[in-house]
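Numbers restart at 1 for each chain; the letters A, B, ... are given by sequence-line order, proteins then strands.
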2 protein chains.
Amino acid sequence: MVKQHVFASTREAIVGRKLPPGTKLTEDVIAAAFNCGRGPVRWALARLQDEGLVTLVPNRGAFVAEPAPDEAKHLFGARRILEGGVVRHLCRRLPDEAWDCLVECIEAEDHAHQNGNEAAALRLSGDFHLLMARLTSNPVVEAMLRELVSRTILAIAVHQRAGTSGCRTHEHRRLLALMRAGDADEAVREMDNHLGALEAGLDLSTKRKAAPDLRAVLQAAAATTRSGPAGG
Amino acid sequence: MVKQHVFASTREAIVGRKLPPGTKLTEDVIAAAFNCGRGPVRWALARLQDEGLVTLVPNRGAFVAEPAPDEAKHLFGARRILEGGVVRHLCRRLPDEAWDCLVECIEAEDHAHQNGNEAAALRLSGDFHLLMARLTSNPVVEAMLRELVSRTILAIAVHQRAGTSGCRTHEHRRLLALMRAGDADEAVREMDNHLGALEAGLDLSTKRKAAPDLRAVLQAAAATTRSGPAGG
DNA sequence: CGGCTGAAGATTGTGCACAAAAAAGCGCCG
DNA sequence: CGGCGCTTTTTTGTGCACAATCTTCAGCCG
């Protein structure tokens with residue numbers, strides 16, 4: 001199946017930071033890159049849009065999504081709600097193999113940090129959160145969090161301050177210990193703080209991006225009224 | 001835009017019970033119904049698939065999703081986690097207008113129940129849950145729950161027992177009172193019980209659907225090995 | 001010299017045609 | 001009469017062409 005190949009590869013390129021936010025995704029270019037027509041590309045782009053990874057402007061084209069500051073805040077807010085529930089769900093009991101999996105994931109992240117590979121560390125950090133969702137044995141929850149983590153990576157790529165790393169592994173370790181101990185309330189609070197620290201590492205000033213927002217607003221206004229200066 | 005029209009109308013037809021689960025969604029038929037080519041139809045189907053409302057089998061076509069018993073359980077589990085977080089988030093404080101909105105929604109649901117319009121009541125019940133998500137002022141949370149509610153409606157349509165109605169409004173009222181009182185733990189518990197009652201109203205026996213599952217399993221096995229009797 | 005109008009270029013939206021794969025129906029052989 | 005293989009038919013997967021729209025830019029007028 002060509003469609004899924006285009007979708008998976010493009011998604012991997014976006015999440016793996018190969019395609020920075022704001023990159024124009026011209027259909028012909030992608031079609032040429034995969035040696036296929038525009039049909040599969042359009043299918044993949046539609047899926048990517050649903051995941052919030054690309055923005056599809058009518059008659060303008062597709063772009064790698066640039067989460068606005070407000071959207072980034074909403075993303076973190078949603079993760080607080082969802083992952084709080086996940087943590088509370090996991091606190092009850094879990095087989096030892098599950099805990100080992102989480103420990104292994106943290107160690108891999110530590111290893112990436114030591115090698116100075118920040119991109120891999122950020123990716124592993126996301127994998128840790130995703131692994132927790134997987135441990136709920138609920139594919140629906142897992143899918144929701146996967147989408148949230150992907151978009152969070154995008155938001156971090158856009159608004160990341162210089163010198164700030166992703167998830168600190170010691171926070172992950174503490175969270176793990178709290179969950180293993182069964183202290184639900186404290187574990188949820190730790191997750192809240194953890195996500196708060198992640199959000200605090202970003203620069204979410206809403207005024208700095210006034211110029212591009214202005215253009216978007218004008219476009220939206222013109223599209224709404226349909227009676228502006230665009231007509232001949 | 002034709003695409004969005006096809007998408008919105010088809011979605012409305014599925015959620016509104018006009019298209020029962022399992023219905024074959026032939027592209028040509030939909031294209032003819034909307035007087036357009038198959039392009040917009042494919043786009044709409046891709047979006048619908050991402051929302052979990054249709055199942056898209058390769059080289060077979062699109063069908064209105066029939067959530068399996070396991071998937072239905074996962075749906076309710078995800079809603080427990082997500083809506084539990086929503087309730088906890090809303091417990092803090094909310095303007096009076098918000099509470100009025102919720103009361104109004106409950107009364108509309110009551111009205112539908114009195115008129116014997118069960119389909120509308122189920123729809124209003126979903127709107128109540130959706131309204132709570134909207135009151136978080138978080139579009140991401142709202143979108144996630146909208147998808148979950150839609151799929152839940154589908155699951156109910158498939159597995160509903162005879163004589164069981166949807167959300168009881170008095171449970172909604174009690175939940176509302178608890179949230180307004182600020183009793184987070186008790187409100188979350190009420191939400192849990194409420195969703196549990198909804199799930200209990202379904203017949204989620206996994207063995208009864210052995211026959212159709214068998215065919216799906218055989219198809220999957222054939223697709224995996226690629227060396228079955230299908231080849232010529 | 002600035003702003004506006006017009007055309008040209010580029011890109012997406014849509015429809016149509018062909019190919020491939022699966023399903024169904026049918027004939028044939030045991 | 002039942003099971004198997006082939007053929008036909010239906011439907012999706014893909015590519016290509018045309019039209020609509022937006023952007024850009026050159027030329028013109030005030």
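- The separation between B:Asp28 atom CG and C:dG15 atom C1' is 12 Å, rounded to whole Å.
- Closest contact between the side chain of B:Lys3 and the listed nucleotides C:dA22, D:dT14, C:dG13 involves C:dG13.
- Among D:dG15, C:dT11, D:dG13, the nucleotide with an atom closest to any side-chain atom of A:Lys24 is C:dT11.
- Nearest nucleotide to the side chain of A:Asn59, out of D:dT21, C:dT14, D:dT14: D:dT21.
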Decide side-chain contact (heavy atoms from CB on, under 4.5 Å) for A:Met132 and A:Leu145; before the verdict, give the C-alpha distance in whole Å, the side-chain angles of both, and the deciding distance to 0.1 Å. CA-CA 10 Å; A:Met132 289 203 314; A:Leu145 191 61; 5.9 Å; no
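- Checking D:dT12, C:dG15, D:dG15 against every side-chain atom of A:Pro40, the shortest atom distance belongs to D:dG15.
- Side chain of A:His159 to backbone of A:Pro67: a donor-acceptor contact under 3.5 angstrom is found.
- Atom CG in B:Leu56 sits about 9 Å away from atom P in D:dT12, given to the nearest Å.
- Listed pair A:Arg60 / C:dT11 fails the phosphate criterion, with no side-chain N or O lying under 4.0 Å from OP1 or OP2.
- In this structure, A:Trp43 places its CH2 atom 15 Å from P of D:dT12, rounding to the nearest Å.
- Protein atom CD of A:Gln4 is 16 Å distant from nucleotide atom P of D:dT12, rounded to whole Å.
- Rounded to a whole Å, the CG atom of B:Asn35 is 14 Å from the P atom of C:dT14.
- Remark: the A:Arg42 side chain and the D:dT14 base include no donor-acceptor N/O pair separated by less than 3.5 Å.
- Look at CZ on A:Arg38: it is 15 Å from P on C:dA10, rounded to the nearest Å.
- Around the NZ atom of B:Lys24, the shell of radius 6.0 Å holds more than 12 heavy atoms that belong to other residues, nucleotides or ligands.
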side-chain contact (heavy atoms from CB on, under 4.5 Å), that's the test. Do A:Met191 and A:His129 meet it? Break it down for me. CA-CA 10 Å; A:Met191 174 60 90; A:His129 289 255; 4.1 Å; yes
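- Side chain of A:Arg161 to main chain of A:Ala200: a donor-acceptor pair is present (N/O by atom type, distance under 3.5 Å, no hydrogens or angles).
- With C:dG13, D:dT23, C:dT11 as the choices, the nucleotide that has an atom nearest any side-chain atom of A:Thr26 turns out to be C:dT11.
- Across all strands, A:Gly39 comes closer than 4.0 Å to no nucleic acid atom at all (heavy-atom distances).
- Checking D:dG15, D:dG13, C:dT14 against the side-chain heavy atoms of B:Glu27 singles out D:dG13 as nearest.
- We find that CZ of A:Phe63 is positioned 10 Å from C1' of C:dT11, with the value rounded to whole Å.
- The residue among B:Val29 and A:Met1 whose nearest nucleotide of DNA chain D lies closer to the 5′ end is B:Val29.
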